[in-house]
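Numbers for residues simply follow the sequence, beginning at 1.
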Amino acid sequence: MSEKNITSYALFKKGFSKATYYSIKKGNSISTNTVNQLCRLLNCSVSDIIEYIDDNPNS
């Protein structure tokens with residue numbers, strides 16, 4: 001969001017749910033529909049907003 005100079009308020013004005021926004025900030029999982037919505041609103045690709053991190057690197 002900072003790279004696109006978009007505030008959370010701007011996302012809310014475009015229809016993005018405040019509850020979903022705060023859930024993401026807490027580290028909760030999100031649906032592919034939410035990823036799609038964020039990509040559309042931020043005009044970016046999936047790799048710009050999510051990153052895979054192995055939660056069990058020793059296996």
Could you tell me which residues satisfy side chain to side chain contact (heavy atoms under 4.5 Å, CB included) with Ser23, sequence neighbours excluded, listed by chain and number? Asn28
Closest contact, heavy atoms only, Cys44 versus Lys4: CB-CE, 4.2 Å
Residue list, side chain to side chain contact (heavy atoms under 4.5 Å, CB included) with Ser31, at least two apart or on another chain: Asn33, Thr34
Hits for ring pair (Phe, Tyr, Trp, His ring centres under 6.0 Å) against Tyr22, two or more places apart or cross-chain, chain-then-number order -> none
Quick one: closest heavy-atom pair of Phe12 and Ser17, and the distance? CE2-O, 4.2 Å
OG on Ser8 to NZ on Lys25, rounded to 0.5 Å: 7.5 Å
Partners meeting side chain to side chain donor-acceptor pair (under 3.5 Å) with Thr7 (sequence neighbours left out): none
Any Phe16 side-chain heavy atom under 4.5 Å of Ile6 side chain: no
Apply side chain to side chain donor-acceptor pair (under 3.5 Å) to Ser47 and list each qualifying residue two or more places apart in sequence or on a separate chain. Ser45
Mind checking side chain to side chain donor-acceptor pair (under 3.5 Å) for Asn36 and listing every partner two or more places apart, or none if nothing turns up? none
Supply the atom-to-atom distance Tyr9 OH to Lys14 NZ, rounded to the nearest 0.5 angstrom. 13.0 Å
Which residues satisfy the side chain to side chain donor-acceptor pair (under 3.5 Å) test with Asn43, sequence neighbours excluded? none
So if I apply the side chain to side chain contact (heavy atoms under 4.5 Å, CB included) rule between Met1 and each of Leu41, Leu38, Leu42, which one comes out positive? Leu42
